[in-house]
Amino acid sequence: MPASNFLSPARLRSPPRRSALGSAANLDPTPEHPALRLSRAFLPTLKETPAEAQIVSHRLMLRAGLIRQTAAGIYAWLPAGQRVLQKVAQIVREEQDRAGAQEILMPTIQPAELWQRSGRYDDYGKEMLRIRDRHDREMLYGPTNEEMITDIFGAYAKSYRDLPRNLYHIQWKFRDEVRPRFGVMRGREFLMKDAYSFDLTKEGAIHSYRQMFVAYLRTFARMGLKAIPMQADTGPIGGNLSHEFIILAETGESQVFLHRALLDYDALREAPDYDSDLSHITEFWTRHYAATDEKHDEAAWNAIPEADRVSARGIEVGHIFYFGTKYSAAMGLTVAGPDGAPVHPEMGSYGIGVSRLVGALIEANHDANGIIWPDPVAPWAAAVINLKPGDAATDALAGQVYAALAPDALLDDRDARAGEKFADADLMGHPWQVIVGPRGAAAGRVELKRRRGGERAEVSPEDAIARIRESRSA
RNA sequence: CGGGGCGUGGCGCAGCCUGGCAGCGCGCCUGUUUUGGGUACAGGAGGUCGUGGGUUCGAAUCCCGCCGCCCCGACCA
């Protein structure tokens with residue numbers, strides 16, 4: 001494979017700094033990122049909605065060219081979708097790291113033997129995709145990784161001094177759902193962040209749980225989502241302490257009930273010290289009533305003043321569990337305690353549905369014209385729309401604005417009608433549109449449109465660039 | 001897994017009941033036109049009608065099997 005600019009991570013992560021309009025040498029609009037010109041990009045949009053899509057996020061993901069279905073509940077991610085998926089994953093990663101978790105990467109394929117040891121191989125049922133390799137060994141495509149992480153961690157952890165630890169990975173999982181639906185919101189193959197904590201004591205495990213609890217609040221808030229922790233069933237993972245993180249969206253899959261106070265708190269207001277006692281934060285979020293319809297308690301609900309009751313639709317985007325020694329005992333994981341006697345570490349696991357979040361973000365951020373990406377997860381900060389390709393002044397100005405923003409912007413240099421370009425930009429949901437037409441170009445002005453809200457202003461190119469950069473770094 | 005529905009060009013659909021040259025809109029290509037919210041006109045390309053079998057002079061259409069996809073329910077990050 002030939003070397004390419006696109007293979008250089010350094011270039012992707014830190015675009016070269018230039019003056020606002022770039023240098024004269026950058027009059028060529030795409031010196032480094034030719035695939036970000038729409039005339040060359042693979043960003044297929046659809047005018048009509050494919051019949052299979054039911055909910056709004058699925059429809060928009062297909063129409064905006066984010067995904068393509070390959071089989072029921074299995075999707076290919078196209079360039080725009082892949083960029084969003086990576087943005088979401090990166091925010092998750094940063095907040096996990098900040099909370100003290102360490103990233104690893106476990107395989108998608110697991111030997112059945114691991115699951116036979118925990119007893120879950122027979123319990124898991126047909127949701128587990130079971131396969132055989134050429135030697136007829138029983139394997140499976142992992143639906144989760146408690147067994148594997150316990151095996152891996154246990155191979156090295158010998159002493160209580162090796163605790164606590166929290167390991168996570170972001171990996172594709174497979175659950176052979178009977179009925180996949182809602183696009184990536186409930187696919188069979190899905191990208192998930194799952195973290196696993198190991199502690200010497202239950203108190204330690206609860207601290208680890210709180211770290212993840214707080215990290216989750218921050219993670220979702222950074223994406224512009226209001227995620228509410230709600231008491232949850234522990235389900236097949238087992239254990240006795242668990243919260244679901246539910247984001248509120250009109251088109252959410254389940255009904256939720258909560259106290260209004262939970263909507264008023266900004267999870268990013270303070271930067272937590274993860275080594276300190278975090279109980280004041282978790283207590284704030286758990287002292288108010290919040291439940292999904294399955295766990296709804298009419299008596300508790302009625303005890304809330306009418307004005308403080310919020311009934312809404314929600315989507316589960318995260319789920320955290322403390323489950324004690326369930327797996328460490330089953331898998332035979334012990335470390336030497338302070339007194340030399342073997343101890344089963346106390347464990348928890350913490351999931352975030354990364355691919356599902358892309359759908360959930362759209363459910364929470366769209367209008368009749370398409371997606372409205374929050375700045376932190378938008379595939380590109382802006383689309384620079386050249387209204388008259390071929391006009392020298394327009395080409396030059398659009399190219400300069402684009403060059404100053406690349407690779408965090410697209411350049412719509414297609415020979416197409418203005419309406420088509422506007423419609424595509426709205427559909428794809430770029431937070432900003434920089435509209436460059438011949439009249440403005442002659443006057444050295446561009447029109448800056450904010451996708452959310454639709455405000456437009458005629459500004460100088462420098463101002464447009466500055467405002468877009470500012471919203472991006474906020 | 002129970003119930004229901006649908007597979008016809010890239011997308012959305014009609015045609016099937018009552019068998020007889022495979023159609024429409026959008027998109028795509030060429031030309032002209034238009035030029036700030038999916039413009040108009042003209043020309044054009046593109047389909048083993050999901051698949052296998054059967055009935056028939058003849059099957060997209062009727063019959064049987066299979067596959068795929070979607071919806072409701074149960075289930076679920």
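Small disclaimer: the values here were computed from a predicted structure and weren't measured.
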> How many Å lie between CG on Leu62(A) and C1' on C11(B), as a whole number?
Replying inline: 11 Å
> When you check the phosphate oxygens OP1 and OP2 of C72(B), does a side-chain N or O of Arg181(A) lie under 4.0 Å from one of them?
Replying inline: yes
> Rounded to whole angstrom units, what separation is found between the CZ atom of Phe182(A) and the P atom of C75(B)?
Replying inline: 14 Å
> Which one, C69(B), G12(B), C76(B), comes nearest to the side chain of Ala72(A)?
Replying inline: C69(B)
> Yes or no on salt bridge (charged side-chain N to carboxylate O under 4.0 Å, His left out) for Glu146(A) and Lys326(A), after CA distance, side-chain angles and deciding distance?
Replying inline: CA-CA 10 Å; Glu146(A) 279 83 7; Lys326(A) 176 173 173 166; over 6 Å; no
> Glu52(A) or Gly187(A): which one's nearest nucleotide on RNA chain B is closer to the 5' end?
Replying inline: Glu52(A)
> Mind checking who C6(B) pairs with, Watson-Crick or G-U wobble, both distances under 3.5 Å?
Replying inline: G68(B)
> Can Arg188(A) and Glu177(A) be counted as an ion pair, charged N to O under 4.0 angstrom?
Replying inline: no
> How far does the P atom of C63(B) sit from the matching atom of G73(B), given to the nearest Å?
Replying inline: 31 Å
> How would you label the contact of Ile435(A) with the nucleic acid (heavy atoms, under 4.0 Å): base, sugar-phosphate, or nothing?
Replying inline: base
> Taking atom P of A74(B) as reference, at what distance in whole Å does atom CD of Glu127(A) sit?
Replying inline: 15 Å
> Whole Å only: how far is the CD atom of Glu447(A) from the P atom of G37(B)?
Replying inline: 11 Å
>> Run the side chain to side chain donor-acceptor pair (under 3.5 Å) test against Trp432(A) and tell me which residues pass, sequence neighbours left out.
In response: Ser471(A)
> Has Lys126(A) got a side-chain N or O lying under 4.0 Å from the OP1 or OP2 atom of C1(B)?
Replying inline: yes
> Ile74(A) has an atom CD1; how far is it from atom P of G68(B), in whole Å?
Replying inline: 12 Å
>> Using a heavy-atom cut-off of 4.0 Å across all strands, would you classify Ser355(A) as base, sugar-phosphate, or nothing?
In response: nothing
>> Does the structure show a Watson-Crick or G-U wobble partner for G73(B), both distances under 3.5 Å? Name it, or say none.
In response: C1(B)
> Contact class for Lys449(A) vs. all strands (heavy atom < 4.0 Å): base, sugar-phosphate, or nothing?
Replying inline: base
> Mind checking the C1' distance from A74(B) to U61(B)? Whole angstroms is fine.
Replying inline: 37 Å
> Starting at the 5' end of RNA chain B, which residue's closest nucleotide do you reach first, Leu46(A) or Glu177(A)?
Replying inline: Leu46(A)
> Are the aromatic ring centres of Tyr350(A) and Phe213(A) under 6.0 angstrom apart?
Replying inline: no
List every contact pair, protein side and nucleotides 26-33 of chain B side both N or O, where the distance is under 3.5 Å.
none

> Would the Phe321(A) and His319(A) ring centres measure less than 6.0 Å apart?
Replying inline: yes
>> Give me the distance, rounded to whole Å, that separates C16(B) from C76(B) when you measure between the P atoms they each carry.
In response: 45 Å
>> For RNA chain B, which residues of residues 412-419 of chain A approach it to below 4.0 angstrom with any heavy atom?
In response: Arg417(A), Ala418(A), Gly419(A)
> Can you tell me how far C1' in C24(B) sits from the matching atom in A14(B), rounded to whole Å?
Replying inline: 7 Å
> Considering only side-chain heavy atoms of Arg179(A), which listed nucleotide, C75(B), C69(B), C71(B), is closest?
Replying inline: C71(B)
> Looking across every strand, which nucleic acid part, if any, lies under 4.0 Å from Gln54(A) by heavy atom: base, sugar-phosphate, or nothing?
Replying inline: sugar-phosphate
>> Using the rule given for side chain to side chain contact (heavy atoms under 4.5 Å, CB included), can you reason through Glu48(A) versus Leu62(A), listing the C-alpha separation, both sets of side-chain angles and the distance that settles it, and then say yes or no?
In response: CA-CA 10 Å; Glu48(A) 291 181 271; Leu62(A) 292 169; over 6 Å; no
>> With rounding to the closest Å, how many angstrom separate the P atoms on G15(B) and U33(B)?
In response: 41 Å
> Reckon Ala51(A) touches a base, only the sugar-phosphate, or nothing at all at heavy-atom distances under 4.0 Å?
Replying inline: sugar-phosphate
> Between G4(B) and G12(B), how far is it from one P atom to the other, in whole Å?
Replying inline: 25 Å
>> If I take atom CZ in residue Arg68(A) and atom P in nucleotide C11(B), what distance separates them, rounded to the nearest angstrom?
In response: 7 Å
> Over how many whole Å does the gap from Arg59(A) atom CZ to G12(B) atom P extend?
Replying inline: 13 Å
> So, His296(A) versus Phe257(A), ring centres under 6.0 angstrom or not?
Replying inline: yes
>> For a quick check of understanding: with a heavy-atom distance under 4.0 Å over all strands, which category does Gly73(A) fall into, base, sugar-phosphate or nothing?
In response: nothing
> Rounded to whole angstrom units, what separation is found between the CD atom of Glu253(A) and the C1' atom of C72(B)?
Replying inline: 16 Å
>> Applying side chain to side chain contact (heavy atoms under 4.5 Å, CB included), can you list everything that pairs with Tyr141(A), at least two apart in sequence or on another chain?
In response: Thr108(A), Ile109(A), Leu129(A), Trp172(A), Phe174(A), Glu189(A)
> Does any nucleotide pair with A42(B) by Watson-Crick or G-U wobble geometry, both distances under 3.5 Å, and what is it?
Replying inline: U30(B)
> Should we say atom CZ of Arg132(A) is surrounded by more than 12 heavy atoms from elsewhere, each under 6.0 Å from it?
Replying inline: yes
> Checking only heavy atoms, does the side chain of Arg186(A) share a donor-acceptor pair with the base of C76(B) at less than 3.5 Å?
Replying inline: yes
>> Just checking Asp415(A): does its CG atom have more than 12 heavy atoms from other residues, nucleotides or ligands closer to it than 6.0 angstrom?
In response: no
> How far does the P atom of G9(B) sit from the matching atom of A22(B), given to the nearest Å?
Replying inline: 15 Å
> Within the structure, does a side-chain N or O atom of Gln69(A) lie under 4.0 Å from either OP1 or OP2 of G68(B)?
Replying inline: no
>> Which residues pass the ring-ring contact (aromatic ring centres under 6.0 Å, His included) test with Phe190(A), not counting sequence neighbours?
In response: none
> If you measure from the P atom in C49(B) to the same atom in C71(B), how many Å do you get, rounded?
Replying inline: 27 Å
> Partners of Arg165(A) by side chain to side chain contact (heavy atoms under 4.5 Å, CB included), sequence neighbours excluded?
Replying inline: Gln102(A), Phe153(A)
>> Taking the minimum atom-to-atom distance to the side chain of Asp426(A), which one of A74(B), G37(B), C69(B) wins?
In response: G37(B)
